[in-house]
Amino acid sequence: MSKTKPIVGITMGDAAGIGPEIIVKALSHSTVYEECRPLVIGDAKIIEKAVRITGASVKVNVVSEPAQAQFSHGTVDIIDLDLLPEDTAFGEVAAVVGDAAYQYLAKAVSLAQAHEINSICTAPLNKEALHKGGHLYPGHTEILATLTDTEDYSMMLTTPNLRVIHLTTHVGLIKAIESITPERTYKVVKLAHETLKNAGIETPRVAVCGINPHAGENGLFGYGEEEEKLLPGIQQAQKEGIHVEGPYPADTLFFRAGRGDFDIVVACYHDQGHAPIKVMGIEEGVNITVGLKGGIIRTSVDHGTAFDIAGKNIADEKSMIVAIQSASELAPIWGEEN
């Protein structure tokens, strides 16, 4: 398997949304093929319809396994699960479509577990359709955790000049601080280190944000949270040879990381990490699930299914292109060149 061009499995998401269109549009760009070997996992009939809607100058090549793909610009290679009719309606919630979105992801996971693809990039799914299809998950991340039997995972956000990984995400601020422990700090620092090392960064430079203003400033602010919740985890990682520093004040750390002092920042709570990412590049931000068993990396677009514009050739493919690029950049390399 190529070290320079990993195979990125691109799941089609909800076929009633903009996923098929943005996939076709993204794969119309030659630059995508310069960085990776993209392979769509979905329904060929739906992708062919998206080709007609967008007027893209590409042909659809149906394969049964990655080894059969052409991986050349002008050709959209797809593993066709053949779950949906061609006349699947745009902009409508449907159980069969929600189930199909789940099946595309399950297939991608099985391919990654078999080391037939290097990473996964997901087009958006619709939660209502997913639930109607019998899969009661909040979204992609929870499905991936179940399919890979993973308990400890984290959200990573990236822009071209900054990577952030979170100790906590979708909980209130008080609850977030309560839930930070030395063990969680250690695990996320290690996740950050392993993810970047698997992606080819020999010695990742990790920095941890403080919880309080000025990282507590030796007890002046807060109640010693940095010393209680962060430092023991940082020190444990350091003992294992991980290059990690901190905790540092958040108000300067993101600037330092953006200029290249660190490869990734560990944020303590949702807005501490999300705000700098969105200021530095909201249109190019990518959500990444890391820590999945087997080293599987999943990236996603930063928007939803957009039912209101689906099938109208309006949707912009920029986020999909960046998500594919990130899946390529962070993809673990399973084997040698073939």
Side-chain angles (χ1 to χ4, degrees), residues 8-33 35-36 38-60 73-78 80-81 83-94 96-98 100-102 104-105 108 120-130 133 139-141 157-160 277-278 281-288 298-328:
V8 176
I10 305 169
T11 58
M12 201 175 76
D14 192 296
I18 61 174
E21 293 171 72
I22 60 173
I23 288 172
V24 168
K25 287 183 175 182
L27 298 186
S28 298
H29 293 258
S30 61
T31 52
V32 171
Y33 290 81
E35 299 183 27
C36 70
L39 176 65
V40 181
I41 301 161
D43 265 72
K45 293 186 294 295
I46 305 300
I47 291 295
E48 287 169 349
K49 183 166 67 170
V51 171
R52 293 192 296 270
I53 289 170
T54 61
S57 298
V58 297
K59 65 178 182 178
V60 177
H73 179 233
T75 299
V76 175
D77 297 298
I78 180 170
D80 181 17
L81 298 193
L83 299 174
L84 300 173
E86 183 180 348
D87 61 357
T88 296
F90 288 110
E92 295 183 8
V93 174
V96 65
V97 176
Y102 174 88
Y104 306 147
L105 186 60
I120 300 170
C121 177
T122 58
L125 53 73
N126 180 280
K127 293 177 184 178
E128 184 180 355
L130 181 70
H140 277 108
T141 301
L157 300 177
T158 68
T159 67
I277 285 285
K278 295 190 175 183
I282 190 169
E283 292 182 346
E284 297 180 282
V286 177
N287 186 326
I288 304 168
R298 168 256 177 174
T299 69
S300 75
V301 295
D302 63 353
H303 56 72
T305 50
F307 276 2
D308 57 325
I309 62 170
K312 300 178 181 178
N313 194 25
I314 296 174
D316 190 295
E317 72 273 22
K318 185 174 184 180
S319 184
M320 174 57 75
I321 293 173
V322 178
I324 295 171
Q325 290 171 337
S326 294
S328 174

Worksheet, complete the sentence: For S326 and V286, the nearest pair of non-hydrogen atoms, with its separation, is OG-CG2, 3.6 Å
Discussion item. Quick check: do V8 and V32 have side-chain heavy atoms less than 4.5 Å from each other?
Written reply: no
Discussion item. Check whether T159 reaches the backbone of I277 with its side chain - one donor and one acceptor, N or O, closer than 3.5 Å.
Written reply: no
Worksheet, complete the sentence: In terms of heavy-atom contacts, G91 and A310 come closest through N-CB, 4.4 Å
Item to complete: Not counting sequence neighbours, which residues clear side-chain contact (heavy atoms from CB on, under 4.5 Å) with K312? List them please.
Response: I314
Worksheet item: In Å, rounded to the nearest 0.5 Å, how long is the span from NE2 of H140 to CG of L105?
Response: 5.0 Å
N/O donor-acceptor pairs under 3.5 Å from side chains in residues 44-51, not counting sequence neighbours:
| residue | atom | partner | partner atom | Å |
| --- | --- | --- | --- | --- |
| K45 | NZ | D82 | OD1 | 2.5 |
| K45 | NZ | L84 | O | 3.3 |
| K49 | NZ | E86 | O | 2.8 |
| K49 | NZ | T88 | O | 2.9 |

Practice prompt. Over all heavy atoms of both residues, which pair between S28 and V58 is shortest? Give the atoms and the distance, please.
Written response: OG-CG1, 4.0 Å
Fill in: From CD1 (I23) to CE (M12), nearest 0.5 Å
7.0 Å
Fill in: Rounded distance [0.5 Å steps], CG in N126 versus CD in E92
12.0 Å
Discussion item. Using 0.5 Å steps for rounding, measure from the OG atom of S328 to the CD atom of E35.
Written reply: 5.5 Å
Worksheet item: For the atom pair CD1 (I324) and CD1 (I10), what is the distance rounded to the nearest 0.5 Å?
Response: 3.5 Å
Worksheet item: Where do I22 and P124 come nearest, in terms of heavy atoms and distance?
Response: CD1-CD, 4.4 Å
Fill in: With sequence neighbours excluded, residues passing ring-ring contact (aromatic ring centres under 6.0 Å, His included) with F90
none
Worksheet, complete the sentence: Between V97 and A16 the two heavy atoms that sit nearest each other are CG1-N, 3.9 Å
Discussion item. To the nearest 0.5 Å, what is the distance between CD1 on I120 and OG on S300?
Written reply: 12.0 Å
Practice prompt. Check whether any side-chain heavy atom of T141 sits under 4.5 Å from a side-chain heavy atom of R298, and report yes or no.
Written response: yes
Item to complete: May I have the step-by-step check of side chain to side chain contact (heavy atoms under 4.5 Å, CB included) for I53 and V24, ending in yes or no?
Response: CA-CA 10 Å; I53 289 170; V24 168; over 6 Å; no
Discussion item. Just so I know, are the side chains of I321 and K318 near enough to count as touching, which here means a heavy-atom distance under 4.5 Å?
Written reply: no
Worksheet entry | Non-neighbouring partners of H73 that pass ring-ring contact (aromatic ring centres under 6.0 Å, His included), sequence neighbours left out | Y33
Response to the item:
In terms of heavy-atom contacts, I18 and H303 come closest through CD1-CE1, 3.5 Å
Discussion item. Which residues pass the side-chain contact (heavy atoms from CB on, under 4.5 Å) test with T31, not counting sequence neighbours?
Written reply: H29, E34
Worksheet item: Please, which pairs that meet salt bridge (Lys or Arg N to Asp or Glu O under 4.0 Å) have at least one residue in residues 12-28, sequence neighbours excluded?
Response: none
Fill in: L83 backbone acceptor or donor facing D43 side chain under 3.5 Å
yes
